[in-house]
Amino acid sequence: MYTFIALGHSHIVAFAKGAYEYQGSNLPAEAPRIQGSFVYLYDPAYNPVVTGAADALELNPKLHEQLAAAPWNFVVLVCGGNEHNVLGIVRNKRPFDFVLSSEPDLPLQPGYELVPEALMREVLKKHMAEPLQTMRAFRSATSLPVLQLEPPPPLPNHRVLAYPRELVRTSLLRKNIAPELIRHKLWRLESEIYRTFCEEIGIAYLRAPASMVDENGMLAEAGWGADATHANPRYGLEAVKGAINLYQAQMEQARVSS
Amino acid sequence: MSHPYTHLPDHALWRRAVANVAASELDPVVDVPFAIGTHDKVATSGSCFAQHIGRYLRDSGLNYYVTETANPIAQADVALQMGYGVFTARYGNIYTSRQLLQLLRRAFGRFTPKEDVWVESATKIIDPFRPNIQPEGFSSMLEYRTDRDNHLHHVREMFENLDVLVFTLGLTECWRSREDGAVFPLCPGVLGGTFEKSRHEFVNLDVEDVVSDMTAFVSELRAVNPEARIILTVSPVPLIATAEPRHVLVSTVASKSVLRVACEKIVKTCKNVAYFPSYEIVTGGFGKTAYFAEDCRSVTEDGVAHVMRVFMRHYVRNFAALRSLKELVGGLAARAAPPKSEVEQMAQVVRVMCEEEALDLANLPQGMKR
């Protein structure tokens, strides 16, 4: 039995539902059982999540209590993850594109303004400041293994446009949606920033399930959630399996090195 | 008995113009050859002190001219950090007269440096002529070339359309390519590239060099923009290091003297080119002012404010009216909610969506510990 506490922003919902599905499924005998607790970080009860200066961050005492509430095996963070959508869903007045240095051969949109990747990175980092700060505070607050989930890939454009009760559609999409490739690049760049940050502060980074990324680098249909930016419980189930595997691998590595 | 000193005005007499004037009121400007109107497009370039001038002009209510702007997705502070809006175009610091002339010639295709890129790695490309513009460099050759061409397009636009250029001369020492004479803002090897004695040489421009560069610059600028007016200043910021075999203080005084004398000569021979004494205001306190910070190099905010106060008083047409208008507009703007950018609107939409998603968390069954 593995016990964990998962804390995060909206993408935690798919993960939580996935954990319930995992628990309720017919697991083979050798599959580990899990017991989890889930905390939504925008819940007013836990705000402000972090206080203090950047070099002396203090986690909300109620979150300390949550961390200490049970003998957890590990902590799962699902911090942020929609920053790429803030920049990418709606095509800007000055449509932009950029060269993603990790996939430099991806084509560019003809006629779009080519902005430096370094600018995009700084713009994203600024939008990601709060989740990054939160992750740092959690890392400092516990000696348990901590995992951060990579944000789900962006949903394909036709899915974003089709969803009927979507607030995005009625408010801003009249201005046209940005090309999928640009939205994919923004997701990759955001993910790279999270991954690098995790490496720096000692958090394991769990990639999005490969089976949930389609051939265009967007969220595969099997993982589409109910709105323009979120994934569903099936995606969450795959992420839960990934988290278990990553934790087990970490334990095995620790055993071998000791 | 009458002689040329008998009826000198106050400004010509040290006791009246400097010794008996409150430090913060020192004003060494007597006359200016032209004024700046509120609609005039004012461009800036120069050494690091010119960044202060740009900053003040941006906030002054004048028409601070920026041709190379960041894409609106960038937050204002990020754009500034990446060099957008610091000067009229994103060229970074232009320390020498030679660099300014070279920029104009590059922008109009009259000069293409042979050493025009420093490849540090596949994902770190440095522009030798803007090595500081992006701390991490450009991430690919395509990005670098596109950005550079776009930059030079905006530089061209600036030279063709500006009404007034404020150029701050900072240094005389520079590093030059032996191959084609291209000058670099920083010595190769400092922030990128590799220093090679066989390819790079040290040059310390003298008065004739600076006068010649600036005269050529004025002439070539007027060829594309006949009405352009120019205000020259000399940066009071001392050299951070000298490549001459002597004390850095001696080199500083030598360089600043060369630049000051060159300005004097240029102003005398070029029409509609003025000299503004920033250097004198900051360094000429003679013990009454302390306009340098603890490092004896950075100019304090008080010093910059003094320089710009004098600048605005003399150069800006209807400065008092402009100031009142700016205060009025500022007051109204402070009372009105600022309009949301597209990105801010989108952030709000995504936030609402995330909150809706999170409502589902409360509806989960009680089968697992919550």
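We use all heavy atoms of the structure for the numbers below, so side chains are in, but hydrogens, waters and symmetry mates are not. All chains are named by letter (A, B, ...) in the order of the sequence lines, taking the proteins before the strands, and each is independently numbered beginning at 1. In this text, all values refer to a predicted model and were calculated from it rather than measured experimentally.
Among B:R90, B:H151, B:H153, the one residue that satisfies the side-chain hydrogen bond (donor to acceptor under 3.5 Å, both in side chains) test with B:E68 is B:H151. Of the listed residues (B:Y95, B:F195, B:F129), just one forms a ring pair (Phe, Tyr, Trp, His ring centres under 6.0 Å) with B:F184, and that residue is B:F129.
Listed by first and then second residue, the salt bridge (Lys or Arg N to Asp or Glu O under 4.0 Å) pairs involving residues 111-120 of chain A are A:R94-A:E113, A:E117-A:R121 (not counting sequence neighbours).
Using a 4.0 Å cut-off between a side-chain N of Lys or Arg and a carboxylate O of Asp or Glu, B:R130 and B:D147 qualify as a salt bridge. Under a 4.0 Å N-O distance rule, the pair A:R195/A:E199 qualifies as a salt bridge. Checked for salt-bridge contact, A:E65 and A:K62 miss the test: no charged N lies under 4.0 Å from a carboxylate O.
Summarising the geometry, atom OG belonging to B:S177 is positioned 8.0 Å from atom NZ belonging to B:K114; distances are rounded to the nearest 0.5 Å.
Both the backbone and the side chain of B:N71 come within less than 4.5 Å of a heavy atom of chain A. With a 4.5 Å cut-off on non-hydrogen atoms, B:Q134 touches chain A through its side chain but not through its backbone. For B:Y144, no part lies under 4.5 angstrom from a heavy atom of chain A. Both the backbone and the side chain of A:H127 come within less than 4.5 Å of a heavy atom in chain B.
Of residues 102-109 of chain A, those residues lying under 4.5 Å from chain B by any heavy-atom pair are A:L108. Among residues 103-113 of chain B, no residue has any heavy atom closer than 4.5 Å to a heavy atom of chain A.
Interface summary for chain B: among A:V39, A:V115, A:N92, A:L114, the most heavy-atom pairs under 4.5 angstrom belong to A:N92.
No donor-acceptor pair closer than 3.5 Å links the side chain of B:W118 to the backbone N or O of B:T194. Under a 3.5 Å cut-off, the side chain of A:T134 and the backbone N or O of A:E130 do form a donor-acceptor pair.
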task = Begin from the C-alpha positions of B:E301 and B:R55 and carry the test salt bridge (charged side-chain N to carboxylate O under 4.0 Å, His left out) through to its verdict.
result = CA-CA 12 Å; B:E301 204 52 43; B:R55 177 164 57 89; 3.1 Å; yes
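With sequence neighbours excluded, the residues satisfying salt bridge (Lys or Arg N to Asp or Glu O under 4.0 Å) with B:D77 are A:K126.
The environment of CG in B:L142 is crowded: more than 12 heavy-atom neighbours from other residues, nucleotides or ligands sit within 6.0 Å.
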